[in-house]
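Every chain is numbered from 1, with letters handed out A, B, ... down the list of sequences.
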Protein chains: 2
Amino acid sequence: MSKQLVVLDTSTGACCEPLAEAALDAGQAETLAPMFKALGDPIRLRLLSMITSAQGGEACVCDLTPQFDVSGPTISHHLRVLREAGLIEGDRRGTWVWYRPMPAAMQALAAVLAVPAAAGT
Amino acid sequence: MSKQLVVLDTSTGACCEPLAEAALDAGQAETLAPMFKALGDPIRLRLLSMITSAQGGEACVCDLTPQFDVSGPTISHHLRVLREAGLIEGDRRGTWVWYRPMPAAMQALAAVLAVPAAAGT
DNA sequence: CCGCTGATTAGATATTCATCTAGACAGGAG
DNA sequence: CTCCTGTCTAGATGAATATCTAATCAGCGG
């Protein structure tokens, strides 16, 4: 289910193609902006980073929470924001809840940040 | 004002490296989160996209403003947020002001979104 | 200098957000 | 069932934000 499209144009055989040739339209911006907004908090950025780089591709809330100076409910709130933005998903497994990244969403954001190669040159 | 961080390790000279192997530390998150936050508004996202994909790698405020339904000062405010986040820079040329993207900053953000390729493997 | 156009700054306001405490819900152990 | 631990929800509050109008600054042409 989490098999996802690769937005890269590999026809030339090179990676890092200039993906952002055309400007986003209003609808795309309305879709993508909430995802970027979700990353606009240091705690959420670290949470996503921890989840994404975790062994096995997922992380337990019980391992995430103690790494921050804020209360448990605050971490829960931030995880919910990331989840509602479509950047992560989670499920309870017995006592603990585990979260995984959603690669397609992250790739969609990365694509927006691809600067046309000829920008400066 | 405009500080010039480069959070990327480009020492290998190769592109598309798996940059997000390790989780961000608190300091990196504090640096990067304001940049993501700046992109967390549809108008700013479109502004950056327009500037980035503009002919010649820069765009005039006079061409950007009419494409939105908000007032001139509001566009000016959003451009300032993008500028203070280090994502764009601008200068006045006679009557008009032109903005350009800052590719290093955008690449730093894209690197955070690189999902470790071996996540599932 | 005076007026005109483009862009930014200043101040006001209504909304959104991050955080907390208190309480509820889920699941396992005795 | 009862207790305990882990996680989430609810409600409150102070701070940050997006937007506007009015005013200011920068440059150009008479």
Reported CG-to-OG1 distance for the pair A:Leu79 and A:Thr65, which is rounded to 0.5 angstrom |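 These two atoms lie 7.0 Å from each other.
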
Euclidean distance, B:Asp63 CG relative to B:Trp96 CH2, rounded to 0.5 Å =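 That separation rounds to 10.0 Å.
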
Chain B footprint on DNA chain D, 5' to 3' - any atom under 4.0 Å from a heavy atom =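 First and last nucleotides in contact are D:dT17 to D:dC28.
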
Pair listing, side chain to side chain donor-acceptor pair (under 3.5 Å) test, anchored in residues 73-82 of chain A, at least two apart |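 Only A:Arg44-A:His78, A:Ser71-A:Thr74 qualify under side chain to side chain donor-acceptor pair (under 3.5 Å).
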
Which ILVMFWY residues can you reach from B:Val81 by hopping between side chains whose heavy atoms are under 4.5 Å apart?
->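 The other cluster members (ILVMFWY side chains, heavy atoms under 4.5 Å, direct or chained): none.
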
Earlier contact from the 5' end, DNA chain C, for A:Asp69 and A:Arg93 =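 Final value for this comparison: A:Asp69.
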
Is the phosphate of [N] approached by [X] (side-chain N or O, under 4.0 Å from OP1 or OP2)?
X       : N      : value
A:Thr74 : C:dC20 : yes
A:Arg44 : C:dA18 : yes
A:His78 : C:dT19 : yes

Salt bridge (charged side-chain N to carboxylate O under 4.0 Å, His left out) partners of residues 27-39 of chain B, not counting sequence neighbours, each pair once |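 Those involving residues 27-39 of chain B do not exist here.
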
What string of B, S and - do you get for nucleotides 6-16 of chain C, 5' to 3', when a contact is any protein heavy atom under 4.0 Å?
-> BSBB-------

With sequence neighbours excluded, tell me which residues meet salt bridge (charged side-chain N to carboxylate O under 4.0 Å, His left out) with B:Glu89.
->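 With sequence neighbours excluded, B:Glu89 shows a salt bridge (charged side-chain N to carboxylate O under 4.0 Å, His left out) to B:Arg100, given in chain and number order.
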
Sub-3.5 Å donor-acceptor pair from the side chain of A:Gln67 to the main-chain atoms of A:Leu64, do we have one?
->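 Absent.
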
Is any side-chain heavy atom of B:Val112 closer than 4.5 Å to a side-chain heavy atom of A:Leu39?
->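 Sidechains of A:Leu39 and B:Val112: no contact.
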
